[in-house]
Amino acid sequence: MSKILIIEDNKNQLLLLSDRLKAEGYTVITAADGLHGADLLKAETFDLLLVDVMLPGKSGFDIISDFRRSGGTTPALFVTAKSELADKVSGLRIGADDYITKPYEFSELTARIEAVLRRSKIAQSGLSGNIQSLDLTGEEDYAFGPFRMVFRKVQLLKNDEPVPLSLMECKLLMYLIKHRGTLVKTDTLMEAVWGYDEAISSGTVYTHISWLRKKLKTPEVPGGYIETVRNVGYIFSEK
């Protein structure tokens with residue numbers, strides 16, 4: 001079963017959440033402060049991170065931001081009392097895969113965990129539904145501008161330094177690079193990158209494209225290497 005790291009400073013909530021997830025069959029490791037959580041993240045491998053935002057020692061945002069900057073791609077889900085839109089956007093932009101606010105129903109949390117893990121497995125296997133469009137066997141590194149996509153590590157570098165991307169952002173970019181110079185329809189991206197998931201819409205694709213553009217933007221290429229063909233799809237281009 002999947003191994004989950006929970007970083008939560010409320011000890012009662014931490015114990016309750018840990019016990020309930022263990023009862024669901026997950027392997028659970030816990031940390032009650034940000035520094036301990038960050039140390040565990042460096043020392044062990046996990047399938048999912050459940051991270052509170054307001055933590056003693058080191059904030060959840062800083063933990064995930066540093067982890068993404070170091071090249072870590074483990075999916076992360078913020079669990080927090082912060083409900084403002086700006087906080088949600090900030091969390092997603094630094095590399096979180098989902099965001100749930102307290103108080104929440106445990107059934108909703110487990111559904112989100114299952115969805116994130118399902119997407120992660122699809123991304124790691126390179127499979128999407130009945131197609132194998134992201135089979136990266138033998139794929140060479142691809143350099144463009146100051147960037148280099150390292151397919152074998154599922155990692156983007158800028159001037160040889162890791163760029164913080166979520167797993168889904170990385171998979172989306174790899175798919176576009178692999179089909180560079182050609183128009184990839186939005187429906188194709190939805191199937192190839194996310195697989196069959198009723199929660200995914202063209203808006204999800206657009207949002208992830210927008211995040212990617214911001215991270216790929218340079219003075220020479222302000223459009224971030226991704227062109228939009230309105231109401232149709234996207235093209236990866238170095239122009």
Side-chain angles (χ1 to χ4, degrees), residues 68 73 75-77 85 88-89 91-99 111-112 114-158 163-218 220-239:
R68 293 288 185 249
T73 59
L77 194 161
L85 178 59
K88 294 181 180 180
V89 171
L92 293 169
R93 280 181 173 168
I94 65 173
D97 295 81
D98 204 350
Y99 198 118
R112 288 177 180 268
E114 290 167 4
V116 171
L117 287 171
R118 182 173 64 250
R119 294 170 196 165
S120 174
K121 288 176 182 177
I122 290 172
Q124 290 171 351
S125 68
L127 301 176
S128 47
N130 295 321
I131 66 173
Q132 299 183 18
S133 56
L134 211 65
D135 180 4
L136 303 174
T137 303
E139 193 75 25
E140 298 291 336
D141 293 359
Y142 180 73
F144 57 104
F147 299 97
R148 180 160 53 95
M149 187 74 237
V150 185
F151 285 92
R152 67 187 184 281
K153 292 185 178 180
V154 193
Q155 184 180 58
L156 178 68
L157 303 177
K158 181 179 182 182
V163 177
L165 295 181
S166 71
L167 190 58
M168 297 313 295
E169 287 174 323
C170 228
K171 189 180 179 191
L172 177 60
L173 179 58
M174 288 191 298
Y175 189 90
L176 289 171
I177 288 175
K178 187 168 183 180
H179 297 84
R180 55 190 176 273
T182 62
L183 173 62
V184 181
K185 293 183 178 180
T186 302
D187 288 348
T188 301
L189 283 174
M190 290 166 61
E191 182 182 1
V193 176
W194 282 268
Y196 177 73
D197 192 324
E198 293 180 351
I200 299 303
S201 67
S202 59
T204 301
V205 178
Y206 173 80
T207 300
H208 279 74
I209 290 288
S210 296
W211 295 338
L212 271 177
R213 279 201 181 106
K214 290 179 180 178
K215 294 174 182 180
L216 295 174
K217 187 186 300 183
T218 66
E220 296 76 21
V221 187
Y225 297 92
I226 301 174
E227 299 177 11
T228 299
V229 178
R230 188 175 177 82
N231 298 323
V232 181
Y234 305 91
I235 303 172
F236 182 90
S237 173
E238 294 190 49
K239 297 179 180 178

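Note that the numbering runs from 1 along the sequence shown for the chain.
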Enquirer: Is any NZ, NE, NH1 or NH2 atom of the basic residue among Glu169 and Lys215 found under 4.0 Å from an Asp or Glu carboxylate oxygen of the other?
Expert: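 Salt bridge present between Glu169 and Lys215.
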Enquirer: Let me see the working for Val221 and Glu238 under side chain to side chain contact (heavy atoms under 4.5 Å, CB included), right down to the final yes or no.
Expert: CA-CA 8 Å; Val221 187; Glu238 294 190 49; over 6 Å; no
Enquirer: Between Ile209 and Leu176, does a side chain to side chain contact (heavy atoms under 4.5 Å, CB included) hold up when you go through it step by step?
Expert: CA-CA 10 Å; Ile209 290 288; Leu176 289 171; 3.9 Å; yes
Enquirer: Look up atom OH in Tyr142 and atom CG in Leu173, then write down how far apart they are to the nearest 0.5 Å.
Expert: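 Between Tyr142 OH and Leu173 CG, I get 10.5 Å after rounding to 0.5 Å.
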Enquirer: Hey, does Leu183 have a side-chain heavy atom less than 4.5 Å from the side chain of Val232?
Expert: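 The answer is yes; the side chains approach within 4.5 Å.
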Enquirer: Say you draw a straight line from CZ of Arg180 to OG of Ser237; how long is it, rounded to the nearest 0.5 Å?
Expert: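 That separation rounds to 11.5 Å.
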Enquirer: With Tyr225, which residues qualify under side-chain hydrogen bond (donor to acceptor under 3.5 Å, both in side chains), at least two apart?
Expert: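 Tyr225 satisfies side-chain hydrogen bond (donor to acceptor under 3.5 Å, both in side chains) with no other residue.
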Enquirer: May I ask you to test the Met149-Asp141 pair for a side-chain heavy-atom distance under 4.5 Å?
Expert: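 Counting from C-beta outward, Met149 and Asp141 never come under 4.5 Å.
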Enquirer: Quick check: do Ile226 and Ile235 have side-chain heavy atoms less than 4.5 Å from each other?
Expert: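 No, side chains not in contact.
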Enquirer: So, taking the atom named CH2 in Trp211 and the one named OH in Tyr206, what distance separates them when rounded to the nearest 0.5 Å?
Expert: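 The CH2 atom of Trp211 sits 12.0 Å away from the OH atom of Tyr206.
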Enquirer: Suppose we screen for side-chain contact (heavy atoms from CB on, under 4.5 Å). Which residues come up paired with Lys158, at least two apart in sequence or across chains?
Expert: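 With sequence neighbours excluded, Lys158 shows a side-chain contact (heavy atoms from CB on, under 4.5 Å) to Pro146, Phe147, Val163, given in chain and number order.
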Enquirer: Strictly distance-based, threshold 3.5 Å: is any side-chain N or O of Thr188 a donor or acceptor partner for the main-chain N or O of Val184?
Expert: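 Side chain of Thr188 to backbone of Val184, a donor-acceptor pair under 3.5 Å: no, none is there.
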Enquirer: Arg213: what forms a salt bridge (charged side-chain N to carboxylate O under 4.0 Å, His left out) with it, not counting sequence neighbours?
Expert: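 Result, salt bridge (charged side-chain N to carboxylate O under 4.0 Å, His left out) vs Arg213: none returned.
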Enquirer: Take Leu216 and Phe144, measure what side chain to side chain contact (heavy atoms under 4.5 Å, CB included) needs, and give me the verdict at the end.
Expert: CA-CA 10 Å; Leu216 295 174; Phe144 57 104; 4.1 Å; yes
Enquirer: Just how far is it from atom OH of Tyr99 to atom CG of Leu77, taken to the nearest 0.5 Å?
Expert: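 Tyr99 OH to Leu77 CG: 10.5 Å, rounded to 0.5 Å.
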Enquirer: Return the OG to NZ distance between Ser202 and Lys185, rounded to the nearest 0.5 Å.
Expert: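 One finds 14.5 Å between OG of Ser202 and NZ of Lys185.
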Enquirer: Determine yes or no for a side-chain-to-main-chain donor-acceptor pair under 3.5 angstrom, with Lys217 supplying the side chain and Gly224 the backbone.
Expert: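 The answer is no, because no donor-acceptor pair under 3.5 Å joins these two groups.
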Enquirer: If you take all heavy atoms of Gly233 and Thr186, which pair is closest and at what distance?
Expert: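 Closest approach of Gly233 to Thr186: CA-OG1, 3.6 Å.
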Enquirer: Going by heavy atoms in the side chains, are Tyr175 and His179 under 4.5 Å from each other?
Expert: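 Answer yes - side chains close enough.
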Enquirer: How long is the gap from CD1 on Ile177 to CZ on Phe151, to the nearest 0.5 Å?
Expert: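 One gets 5.0 Å once the value is rounded to the nearest 0.5 Å.
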